[in-house]
Amino acid sequence: MDEPEGPEEFFVGHPAALAVFDRVRSILDEVGPHQVRTSKSQVGFRRGRGFAFLWLPDRYLHGDVAEVVLSIALDRPIVSDRFKEVVQPAPGRWMHHLEVRHPGEIDDEVATWLRDAADRAGPQITSK
């Protein structure tokens with residue numbers, strides 16, 4: 001797969017995942033300026049650093065997998081049964097992996113986590 005030109009191309013064939021992206025982007029647009037970066041493996045949201053990422057597990061895993069995974073980076077662990085996995089890849093950095101099967105799962109609780117991650121990701125940037 002070549003590098004996708006943007007989120008719409010990344011999520012081709014995954015309409016529910018694109019709807020999740022749209023919901024996450026809408027929440028983060030309310031927080032303030034941020035960048036959206038698309039790579040072969042994920043769509044990321046950045047300020048001073050990356051703080052939220054969407055990726056398609058069916059590209060890497062087999063069996064019954066979620067439509068999309070939302071990974072949220074914070075400076076501390078959040079305890080919630082909603083997360084599939086919470087890991088500490090580096091000191092002071094915790095990744096929270098949330099399997100999302102339907103866009104409605106991006107609710108007020110997830111929005112709070114996203115806003116917190118954006119606020120802690122560094123200074124606001126001047127352009128999207």
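The figures here come from the full heavy-atom set of this structure, side chains too, leaving out hydrogens, waters and symmetry mates.
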Hey, does [Y] have a side-chain heavy atom less than 4.5 Å from the side chain of [X]?
X	Y	answer
Arg46	Arg37	yes
Val31	Asp119	yes
Ser41	Tyr60	yes
Leu56	His14	yes
Phe45	Leu54	yes
Glu109	Ile78	no
Val86	Met95	no
Arg23	Glu105	no

Checklist entry - Hey, what's the ring geometry for His34 with Phe51, parallel, tilted or perpendicular (30° and 60° as the breaks)? => result perpendicular
Item to check | Main-chain N/O of Val65 paired to Arg101 side chain as donor or acceptor, under 3.5 Å | outcome: yes
Item to check | Donor on one side chain, acceptor on other, Trp55 and Ser71, under 3.5 Å | outcome: yes
Checklist entry - Run the side chain to side chain contact (heavy atoms under 4.5 Å, CB included) check on Ile72 and Phe53 step by step: do they pass? => result CA-CA 7 Å; Ile72 302 171; Phe53 309 88; over 6 Å; no
Next on the checklist: The test is side chain to side chain contact (heavy atoms under 4.5 Å, CB included); show your working for Leu98 and Lys84 and say whether it passes.
Outcome noted: CA-CA 6 Å; Leu98 178 68; Lys84 172 78 172 189; over 6 Å; no
Item to check | ILVMFWY network linking Leu114 to Val69, side-chain heavy atoms under 4.5 angstrom | outcome: no
Item to check | Trace of the salt bridge (Lys or Arg N to Asp or Glu O under 4.0 Å) decision for Arg115 with Asp108 | outcome: CA-CA 10 Å; Arg115 289 183 192 106; Asp108 290 343; over 6 Å; no
Minimum heavy-atom separation for [X] to [Y], with atom names?
X	Y	answer
Ala73	Ala117	O-CB, 3.4 Å
Ala111	Ile27	CB-CD1, 3.7 Å
Val36	Pro7	CG1-CG, 3.9 Å

Next on the checklist: For the residue pair Arg59 and Phe10, would you count it as a cation-pi contact if the rule is NZ or CZ under 6.0 angstrom from the ring centre and within 45 degrees of the ring axis?
Outcome noted: yes
Checklist entry - Could you walk me through whether Asp107 and Arg82 pass the salt bridge (Lys or Arg N to Asp or Glu O under 4.0 Å) check? => result CA-CA 12 Å; Asp107 58 15; Arg82 295 183 69 179; 3.0 Å; yes
Item to check | From CA spacing to verdict: side chain to side chain contact (heavy atoms under 4.5 Å, CB included), Val20, Leu70 | outcome: CA-CA 9 Å; Val20 168; Leu70 171 61; 5.6 Å; no
Checklist outcome for this item: For Glu8, the salt bridge (charged side-chain N to carboxylate O under 4.0 Å, His left out) test, sequence neighbours excluded, returns none
To the nearest 0.5 Å, what is the distance between [atom1] ([X]) and [atom2] ([Y])?
X	Y	atom1	atom2	result
Leu28	Arg47	CG	CZ	8.5 Å
Arg93	Asp75	CZ	CG	10.0 Å
Phe21	Ile106	CZ	CD1	12.5 Å

Checklist entry - Trp113: what forms a side-chain hydrogen bond (donor to acceptor under 3.5 Å, both in side chains) with it, not counting sequence neighbours? => result none
